[in-house]
Amino acid sequence: MSRARDQDACPGALQFHQAADGALMRVRLPGGVISARGLETLAHLAADHGGGALELTSRGSLQIRGITDPGRVADGLTGAGLLPSPTHERVRNIVSSPLSGRSGGLADVRDWVDALDRALQRDEALAALPGRFWFSIDDGRGDVSGLRADVGVQIGDTGVALLLAGTDTGVRLSPNDAVNTMVEIARRFQAVRGKRWRVTELDNPSELIGDFAVTVPDPAGRYPHDAGRPPVGWIAQTRDPVPDRVALGAAVPLGVLPARTAEFLAAIESPIVVTPWRSILVCDLTEEVADTSLRVLAPLGLVFDENSPWLTVSACTGSPGCDKSLSDVRADARAALTEGAAGVHRHFVGCTRACGSPLGAEVLVATGHGYQRRHP
């Protein structure tokens, strides 16, 4: 693929995007992890210097729209520890199994996320990775491998599978080599990419692993695309060494989290994970705290019912926030909430770019006089 620019315009915490409704800032959260203090800081920044809400992205990041004072926002992020590297802040794109180490999975990969994040920040050359290049670390349950990140690993019975764009390469790694291998592949991509932003844009992606030994001659192939349904409800933390702890999984309708609701989440003072499915996990709760929290948060609009129709609909920003949009797609998505075929995820978009479209979703593209369906 030929592009005019060697870098994308993907926003970051310091590289703002000027949207129709003002400046847009995005904070990368490796593994989706954010502290209560960090979430509280973002909520205050959104309320005081932005549009009054946080937006959850399909890569487990948080963003603020309509920013009036970029300098004040950047200072707030630094003070809260959300900007550990001004040079590498756009390349800390790491998703991982959100419940790893707490419920399910074959192993706890939270330390792998931390190790990969530190390794990326140490490598000067990787500061120039495109902002859309990303990594996935799957603990064996197969939840994030289907997101088809550029470079990924998944724990399995035959070792740690190395993935390129969600495809099993047949290469198997030891757990000790997983992080270093992902960093090495990122270096190789940076060295050969030219003006390409993603692994799939290379003429021959296998050149990145040409000297790796293929130990599984008939690998699984491409991992099934993710269905886009978040873990919601009351989740027992069966892998947690502390007994009787639970996590609360809450879907955030259309990925828009009002600043006031975010403040209530932060007030629980427990670890928080933002998932790639625009939902939030509040972790390590006693049953008593979880019960009280659920009673407070559900009336604020967070969704704890796994059968809710909100789990089957999503949308891009649309009008008036995006000047390319032909419709207020969020309003249209709300209006169509009870329509559609059972089990089909519908994603409403304002133009043919189809931003944020989940893999496997039925994409409804605004035409100015209705919507045109684009099937998965």
Side-chain angles (χ1 to χ4, degrees), residues 29-34 56 58-60 93-118 134-164 166-169 171-182 216 219-251 270-285 290 304 306 311 358-360:
L29 305 173
V33 175
I34 186 171
L56 284 66
S58 58
R59 296 187 175 190
N93 293 311
I94 307 169
V95 295
S96 67
S97 301
L99 284 166
S100 190
R102 291 186 168 100
S103 177
L106 299 179
D108 185 349
V109 298
R110 288 176 292 181
D111 286 345
W112 297 23
V113 174
D114 293 339
L116 177 57
D117 186 27
R118 292 193 302 270
W134 60 323
F135 305 83
S136 66
I137 302 177
D138 195 304
D139 68 1
R141 74 187 73 209
D143 55 352
V144 296
S145 290
L147 297 173
R148 298 177 185 169
D150 292 280
V151 183
V153 292
Q154 176 169 328
I155 296 175
D157 296 333
T158 59
V160 180
L162 176 63
L163 316 179
L164 290 180
T167 298
D168 188 344
T169 63
V171 174
R172 294 296 180 268
L173 309 168
S174 72
N176 290 336
D177 292 335
V179 168
N180 289 338
T181 299
M182 296 176 81
V216 178
R222 199 170 214 192
Y223 280 83
H225 62 69
D226 182 79
R229 296 183 66 85
V232 299
W234 187 283
I235 303 168
Q237 296 188 182
T238 55
R239 291 183 63 89
D240 196 296
V242 180
D244 302 322
R245 294 298 173 102
V246 299
L248 285 180
S270 292
I272 295 166
V273 181
V274 179
T275 81
W277 306 283
R278 296 185 173 91
S279 70
I280 287 180
L281 293 168
V282 187
C283 306
D284 304 347
L285 305 174
F304 296 91
E306 64 180 5
L311 274 66
L359 289 166

Scanning both residues in full, the closest heavy-atom pair of G104 with D139 reads O-OD2, 4.1 Å
Smallest separation among heavy atoms of L311 and A251, with atom names: CD1-CB, 3.8 Å
Pair T275, I280 - check side-chain contact (heavy atoms from CB on, under 4.5 Å), show working. CA-CA 6 Å; T275 81; I280 287 180; over 6 Å; no
For the CG atom of L163 and the CZ atom of R148, what is their distance to the nearest 0.5 Å? 11.5 Å
Hey, are the side chains of D150 and W134 touching, using non-hydrogen atoms and a 4.5 Å cut-off? yes
For the student: nearest non-hydrogen atoms of I155 and A107, plus distance: CD1-CB, 3.6 Å
Donor-acceptor pair, S103 side chain versus L99 backbone, under 3.5 Å? no
In the structure I gave you, are the side-chain heavy atoms of R59 and P276 within less than 4.5 Å of one another anywhere? no
Working to the nearest 0.5 angstrom, can you tell me the gap between L116 CG and I94 CD1? 4.0 Å
What I'd like to find out is whether the side chain of D284 reaches to under 4.5 Å of the side chain of Q237, using heavy atoms alone. yes
Under the side-chain contact (heavy atoms from CB on, under 4.5 Å) criterion, do L162 and T181 qualify, and how do the steps go? CA-CA 9 Å; L162 176 63; T181 299; 4.2 Å; yes
L248 versus W234: any side-chain heavy-atom pair under 4.5 Å? yes
Show the nearest heavy-atom pair for residues V109 and S100, with the distance to one decimal. N-OG, 3.0 Å
Any side-chain heavy atom of L147 within less than 4.5 Å of one from W277? yes
Heavy-atom pair with the smallest gap, counting every atom of A178 and L173: CA-CD1, 4.1 Å
Flag the pair I137 / V144 as yes when at least one side-chain heavy-atom distance between them is below 4.5 Å, and no otherwise. no
Heavy-atom nearest pair, S97 first then R141, reads CB-NE, 3.9 Å
Whether the side chain of R172 engages the backbone of A161 through a donor-acceptor N/O pair (distance < 3.5 Å, no angle test) should be reported. no
Between V153 and M182, is a side-chain contact (heavy atoms from CB on, under 4.5 Å) present by the stated rule, with each step listed? CA-CA 8 Å; V153 292; M182 296 176 81; 3.9 Å; yes
Show the numbers, then the answer: is there a side-chain contact (heavy atoms from CB on, under 4.5 Å) between V246 and I235? CA-CA 6 Å; V246 299; I235 303 168; over 6 Å; no
Are P30 and S96 close enough that some pair of their side-chain heavy atoms sits under 4.5 Å apart? no
Taking C-beta and beyond as the side chain, do W112 and V160 meet within less than 4.5 Å on heavy atoms? yes
To the nearest 0.5 Å, tell me how far L56 CG sits from S279 OG. 7.5 Å
Nearest 0.5 Å, what's the CG-CZ distance between L106 and R239? 7.5 Å
Taking NZ, NE, NH1 and NH2 as the nitrogens, is one of them in R102 or D108 under 4.0 Å from a carboxylate oxygen of the other? no
